[in-house]
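Computation of the quantities below employed the complete heavy-atom set of this structure, encompassing side-chain atoms and omitting hydrogens, waters and symmetry-equivalent molecules. Proteins get letters first, then strands, A, B, ... in listed order; numbering begins at 1 in each.
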Number of protein chains: 2
Amino acid sequence: MASVTLSDVAREAGVSLATASRAINGSANRTVRPDLQQRVLAAAARLGYSPDANAQAMARGRTSTLGLIVHDIADPYFSSIAAGVTTAAEAAGLMVTLASTGHRPEKELAFIDVLQSQRARAIVIAGGRQDAEEANERLRAALATYRSRGGTVAVIGQPILDVHTVAIDNVGGAAELARALHGRGYREFAVLTGPAPHLTARERTEGFTTALAGLGVEVPADRVVASEFTRDGGYEAMTELISRQADHRRRDGLGSLAVFAVNDVMAMGAMAATRDAGMRVGEDVGIAGFDDIVTLRDVTPGLSTVAVPLVDAGVRATRMALDSDGDAVVEQLDGAVVLRDSTPGP
Amino acid sequence: MASVTLSDVAREAGVSLATASRAINGSANRTVRPDLQQRVLAAAARLGYSPDANAQAMARGRTSTLGLIVHDIADPYFSSIAAGVTTAAEAAGLMVTLASTGHRPEKELAFIDVLQSQRARAIVIAGGRQDAEEANERLRAALATYRSRGGTVAVIGQPILDVHTVAIDNVGGAAELARALHGRGYREFAVLTGPAPHLTARERTEGFTTALAGLGVEVPADRVVASEFTRDGGYEAMTELISRQADHRRRDGLGSLAVFAVNDVMAMGAMAATRDAGMRVGEDVGIAGFDDIVTLRDVTPGLSTVAVPLVDAGVRATRMALDSDGDAVVEQLDGAVVLRDSTPGP
DNA sequence: TTGTAAGCGTTATCAA
DNA sequence: TTGATAACGCTTACAA
């Protein structure tokens with residue numbers, strides 16, 4: 001690591017350290033004489049000088065790092081958000097430090113500590129919150145400390161951490177989906193919901209069932225199946241649902257039933273389970289998801305879903321974290337129902 | 001940013017700066033008396049001390065940062081690799097700085113500079129190389145400089161940058177796929193290949209056609225369609241292919257034709273184009289891809305493809321970058337053919 | 001406009 | 001075992 005330092009450059013250019021510094025980054029203190037500036041730049045190039053960002057961070061008292069915490073970067077939901085965050089961060093001249101928790105909530109705290117240590121300028125946390133008050137309280141405390149030290153924060157998810165939040169309208173989107181499916185003629189519904197404490201799953205489920213109730217349709221309790229918030233969760237929940245239904249209606253399949261899986265990846269699992277049970281998606285049973293994952297837009301039958309602008313969510317969260325420093329602001333992001341052939345109507 | 005410093009902790013604990021430092025991280029210089037150690041730790045906790053990673057980096061002369069450069073983090077190919085990289089990095093006690101180039105090769109160079117400035121310990125570059133010698137030469141130079149300054153590098157892609165490389169066996173995988181499709185009875189083939197300079201696309205195409213040649217089957221030039229390496233590229237190429245074929249064989253569709261799209265995402269585009277042209281995937285034409293993207297494993301008909309262990313590629317590349325410091329090592333990663341219903345046989 | 005010198009928060013060397 | 005103190009590479013008052 002025998003790096004070339006700014007002193008080396010200064011010496012090579014025959015100027016003082018201060019002048020070299022000013023020439024290379026044009027600091028607040030205005031100008032350096034053009035010819036000197038050139039000399040310094042030339043010397044830097046000749047020596048292959050690379051400024052030490054850590055030293056700069058120390059001297060300046062601030063870094064150009066933004067932290068991004070996701071549950072699982074391989075999940076298309078989070079990777080889309082990450083794309084938005086990296087884009088917006090780059091536009092702001094920041095590099096992003098990526099932390100993937102692997103769905104372990106305690107890692108969130110640990111990563112906040114690390115980002116705190118790195119003196120990251122801002123932290124973006126992506127991913128719905130859990131209904132787990134002690135965990136949330138710890139998170140709130142950690143973020144409050146981070147903010148008190150000058151960092152800024154934005155969360156994509158539920159606005160319960162007292163920080164800037166991009167809140168996806170899960171309730172509204174699910175409700176609209178419910179009405180749209182009802183509009184296509186479905187009168188029987190089921191929900192493959194996530195784990196009970198998962199707020200996003202819960203909001204989507206409630207939005208869906210409440211909207212149906214408003215239309216005079218009830219979703220019986222045995223048609224609300226809990227599971228993991230994953231592809232396998234969707235598969236298992238659908239399998240379970242099918243076996244529960246088998247009793248009543250063995251021969252005619254699930255006929256006029258529309259199944260709402262609370263995210264697209266679960267919906268894909270549900271589709272697979274449907275097929276493995278010998279039924280056809282769309283014809284024997286309708287299936288809808290939530291998110292409109294871009295990679296899944298070409299599946300057949302086309303998956304009905306609620307499109308969420310995930311990349312945009314990442315961009316907005318980053319901007320919020322960077323721009324506004326005051327009280328916690330909540331920005332709502334609406335989804336848009338997209339009806340495709342997985343729910344053609346009964 | 002009025003942070004608590006180690007001096008504050010030392011004062012609070014009534015010990016020297018040096019002792020505080022040793023107590024908190026147990027440096028090479030062995031022990032600190034247990035009671036002092038406790039006092040320091042307690043003081044640190046009381047004050048909410050958070051070590052300044054930048055200062056540590058300066059003093060220690062090394063960081064705990066690993067840089068990851070991808071073309072597009074929203075692409076499932078890269079997000080899977082990123083998952084492997086973050087996992088392996090975390091295991092090594094490193095944080096990863098994520099850089100997404102948006103497919104602009106010049107950004108790769110710029111990011112290497114930034115990572116160099118950050119004094120990142122290692123850099124992992126994911127994504128196939130282009131046949132563009134000046135660009136590659138610049139990259140080689142940048143990486144050589146980075147390495148000469150003490151950094152280590154690993155690339156996932158073609159081993160042409162004189163650094164450690166995880167090379168995916170595109171030729172072999174595509175060849176095996178060709179033989180497997182031939183084994184299912186196909187005798188006519190087409191290839192939706194990527195842009196000409198894209199080495200991964202080229203290797204897959206060549207592996208495929210060469211293997212077929214070995215079986216006595218030739219792929220006519222007008223059945224090799226170039227396009228972007230994306231979903232839309234696949235869609236357009238397939239549309240083009242269909243229109244080219246339309247002349248000969250209007251009524252019987254593409255019958256016994258198997259189409260190899262050089263990656264899964266392109267294959268999804270090709271499937272969409274097939275359907276939009278009123279044909280059925282599997283029955284009217286076979287379609288296969290490459291990569292076995294996890295999110296696409298449940299599409300119907302199931303997409304025949306070559307499974308590439310992408311997460312593992314990320315893990316290995318990270319380990320290579322971290323472990324071996326010497327000459328460029330090339331580790332080959334084999335794919336495995338997975339035949340599904342998108343190529344049932346003619 | 002340029003230079004001198006004082007930090008920035010740690011680690012690590014060297015004495016004590 | 002502990003404590004001064006000199007780096008680490010840079011920025012930025014403050015002087016010149």
Side-chain angles (χ1 to χ4, degrees), chain A residues 1-41 43-44 47-65 114 116-121 149-150, chain B residues 1-41 43-44 47-65 116-120 149-150:
Chain A
M1 276 293 188
S3 266
V4 179
T5 74
L6 191 54
S7 301
D8 299 331
V9 175
R11 188 176 324 114
E12 169 89 5
V15 301
S16 75
L17 219 204
T19 301
S21 171
R22 296 192 269 249
I24 286 189
N25 83 28
S27 78
N29 284 346
R30 281 222 207 20
T31 38
V32 171
R33 226 172 54 213
D35 59 315
L36 273 195
Q37 158 115 309
Q38 285 316 314
R39 232 161 68 203
V40 173
L41 261 24
L47 266 39
Y49 170 70
S50 165
D52 185 319
N54 296 293
Q56 292 182 314
M58 271 206 62
R60 298 210 252 247
R62 74 196 136 72
T63 63
S64 19
T65 298
V114 176
Q116 166 93 263
S117 265
Q118 290 196 169
R119 303 297 187 257
R121 277 251 271 281
R149 310 278 225 248
Chain B
M1 277 294 186
S3 266
V4 178
T5 74
L6 191 55
S7 300
D8 299 331
V9 174
R11 190 176 323 115
E12 169 88 4
V15 301
S16 75
L17 218 205
T19 302
S21 172
R22 297 192 269 249
I24 286 189
N25 83 27
S27 79
N29 285 346
R30 280 220 207 25
T31 38
V32 171
R33 225 173 53 214
D35 58 315
L36 273 195
Q37 159 114 310
Q38 285 317 312
R39 232 160 68 203
V40 173
L41 262 23
L47 266 38
Y49 170 71
S50 165
D52 185 320
N54 297 294
Q56 291 181 315
M58 271 207 63
R60 299 209 251 246
R62 73 194 137 74
T63 62
S64 20
T65 298
Q116 166 94 262
S117 265
Q118 288 195 169
R119 303 297 187 255
R149 310 280 224 247

Partner set under side chain to side chain contact (heavy atoms under 4.5 Å, CB included) for A/Thr63, not counting sequence neighbours:
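Here the qualifying residues are A/Ala57, A/Thr65, A/Arg119, A/Arg121, B/Asn54.
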Measuring from atom CD of A/Gln56 to atom CE of B/Met58, what distance do you get when rounded to the nearest 0.5 angstrom?
11.0 Å
Working to the nearest 0.5 Å, report the span between OH of B/Tyr49 and OG of B/Ser7.
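Answer for the OH-OG pair, B/Tyr49 versus B/Ser7, is 9.0 Å.
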Return no unless some side-chain N or O of [X] is found under 4.0 Å from OP1 or OP2 of [N].
X: B/Asn54; N: C/dT10; result: no
X: B/Ser16; N: D/dT2; result: no
X: A/Thr19; N: C/dG3; result: yes
X: B/Gln56; N: C/dT11; result: yes

Using a cut-off of 4.0 Å on non-hydrogen atoms, how would the nucleic acid contact of B/Ser50 be classed: base, sugar-phosphate, or nothing?
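Sugar-phosphate contact only.
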Please state how far atom [atom1] in [X] lies from atom [atom2] in [N], giving the value in whole angstrom units.
X: A/Asp52; N: D/dC8; atom1: CG; atom2: P; result: 12 Å
X: A/Arg60; N: C/dA6; atom1: CZ; atom2: P; result: 22 Å
X: B/Met58; N: D/dT11; atom1: CE; atom2: P; result: 11 Å
X: A/Arg22; N: C/dT2; atom1: CZ; atom2: P; result: 8 Å
X: B/Arg119; N: C/dT11; atom1: CZ; atom2: P; result: 19 Å
X: A/Leu36; N: C/dG3; atom1: CG; atom2: P; result: 7 Å
X: A/Leu6; N: C/dG7; atom1: CG; atom2: P; result: 20 Å
X: A/Asn25; N: D/dT12; atom1: CG; atom2: P; result: 7 Å

Between B/Leu17 and A/Arg33, name the one whose nearest nucleotide on DNA chain C is closer to the 5' end.
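That would be A/Arg33.
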Checking [X] now: which residues fulfil side chain to side chain donor-acceptor pair (under 3.5 Å) with it, not counting sequence neighbours?
X: B/Gln118; answer: B/Thr97
X: B/Glu12; answer: B/Arg46
X: B/Ser16; answer: B/Thr19

For A/Arg11, give me all partners under salt bridge (Lys or Arg N to Asp or Glu O under 4.0 Å), at least two apart in sequence or on another chain.
A/Asp8
Pairwise 5' ranking along DNA chain D for B/Asp35 and B/Ala55, keeping only the more 5' one:
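Closer to the 5' end of DNA chain D: B/Asp35.
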Between its two end axes (five pairs each) the helix from C/dT1-D/dA16 to C/dA16-D/dT1 turns, nearest 10 degrees, through 40°
Taking only the side-chain heavy atoms of A/Thr5 (C-beta and beyond), determine which of D/dG9, D/dT11, C/dG3 contains the nearest atom.
D/dG9
Please pick, from D/dT2, C/dA5, C/dT10, the nucleotide with the shortest atom-to-atom distance to any side-chain atom of A/Ala18.
C/dA5
